[in-house]
Number of protein chains: 2
Amino acid sequence: MLKNVEFVDKLRSSGLRPTKQRLKICEVLFNRDKTFHFTINDLAKNISEKLNEKISLATVYNTVHAFKAKGYLKEISINSDRSYFDTNTKIHHHFFDEDTNELIDCDDDDIEKINVKKNITGKKINSVEVLIKVASDNQNQK
Amino acid sequence: MLKNVEFVDKLRSSGLRPTKQRLKICEVLFNRDKTFHFTINDLAKNISEKLNEKISLATVYNTVHAFKAKGYLKEISINSDRSYFDTNTKIHHHFFDEDTNELIDCDDDDIEKINVKKNITGKKINSVEVLIKVASDNQNQK
DNA sequence: TCAACAGTTTAGAATAGTTATAATGTAGTT
DNA sequence: AACTACATTATAACTATTCTAAACTGTTGA
């Protein structure tokens, strides 16, 4: 459980002013045990519910993008109709539950190291990430 | 190089009427050696350029979705601002070139078999796909 | 402490991609 | 040829996201 002061420092050290709104967003995003996967809408709703306060949607967008640019958040593509963000910014793999649309982080040792045998000339590999789609194990899968 | 007749059969056998527009779209999509990765917009532009004929955007959407539902096309998530489709409908991996935003199919043997060691109870794995992001191999990467 | 400035927030307008609608058109069957 | 169900189309509607411009607020330095 991080303190406000720590968020202030964190923001300041990355050149972002520690404003009321940003601190609240930090609270919601980073005061958690588990990784948080969310869409901007989820986040905005979460803020107004948890903190009983409304932050303009535009500000939520701005802040999330600022945090992404600073490397505090990572954007994830699962389906194209919505952007997901992840508080876990390391390169890592995901399970995606097609029944619930829920995204679940993999631990490093859930998946054996991936061996890429092909190279693209002049290009270097920046990331290798796996997406495992799962659904309920019975006849009527989606 | 498939003939029109083959497309007619293909459509008919999957319960889609072989209309002018659908046949033209088939031509553009499936008369290729290589896999085709595209957005709806790419496709619409491609049609009007190649065939010198305009198909209503709504029809392109309808048709692409119909083809997807029938399993002739696959939707791919790389970045969330646009939907990409792929004429290669098998489970397969991709390189994504961050410099050019180009998507490249992997051959089956470009990547060693992926060993998933974790299970989610009550869920079965539908697909395991890898996305390898690459960028030009010099100091000013994006 | 306070003025000044640059960075922030905000509501609302604007945009882009996509989907819905409803009228018109057409393939296939009889 | 006529009928019917399915398709196409233009346009309107919708949704997620970005832009804009004015008001506001941390921060800095006098």
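Reminder, nothing fancy here: chain letters follow the sequence lines and each chain counts from 1.
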Short side-chain N/O contact to [N] OP1/OP2 from [X], under 4.0 Å:
| X | N | value |
| --- | --- | --- |
| B:H65 | C:dT19 | yes |
| B:T59 | D:dA7 | no |
| A:Q21 | D:dT25 | no |

Between [X] ([atom1]) and [N] ([atom2]), how many Å, whole number?
| X | N | atom1 | atom2 | answer |
| --- | --- | --- | --- | --- |
| A:E53 | C:dT9 | CD | P | 13 Å |
| B:F7 | C:dA27 | CZ | P | 19 Å |
| B:L23 | C:dG28 | CG | C1' | 15 Å |
| A:L43 | D:dA16 | CG | P | 15 Å |
| B:I25 | D:dT8 | CD1 | P | 8 Å |
| A:L11 | C:dG7 | CG | C1' | 13 Å |
| A:E75 | D:dT17 | CD | P | 8 Å |
| B:K20 | C:dT24 | NZ | P | 18 Å |

Which nucleotide in the set [options] lies at the smallest distance from any side-chain heavy atom of [X]?
| X | options | result |
| --- | --- | --- |
| A:I40 | C:dA11, D:dT17, D:dT27 | D:dT17 |
| B:N62 | D:dT8, C:dT8, D:dA10 | D:dT8 |
| B:L16 | D:dT17, C:dA11, D:dA7 | D:dA7 |
| A:N41 | C:dA11, C:dG28, D:dA16 | D:dA16 |

| What is the nucleic acid contact for A:T19, judged by heavy atoms within less than 4.0 Å: base, sugar-phosphate only, or nothing? | sugar-phosphate
| task | Answer with yes or no whether the side chains of A:K124 and A:N126 bring together a donor and an acceptor at under 3.5 Å. | result | yes
| said: Any donor-acceptor pair under 3.5 Å linking the side-chain atoms of B:N62 with those of B:T59? | reply: no
| query | Just one of A:V130, A:D105, A:I132 clears the side-chain contact (heavy atoms from CB on, under 4.5 Å) bar with A:F95, so which one? | reply | A:I132
| query | Does the base of D:dA7 carry an N or O that pairs as donor and acceptor with the side chain of B:R22 under 3.5 Å? | reply | no
| said: Looking at A:K117, I'd like to know if its NZ atom is crowded, meaning that more than 12 non-hydrogen atoms belonging to other residues, nucleotides or ligands lie closer than 6.0 Å. | reply: yes
| If you pin B:R17 and B:L57 to their nearest nucleotides in DNA chain D, which one's is more 5'? | B:R17
| field | B:Y61 or A:T63, whichever maps to the more 5' nucleotide of DNA chain C | value | A:T63
| Any donor-acceptor N/O pair, B:K70 side chain to B:S14 backbone, under 3.5 Å | yes
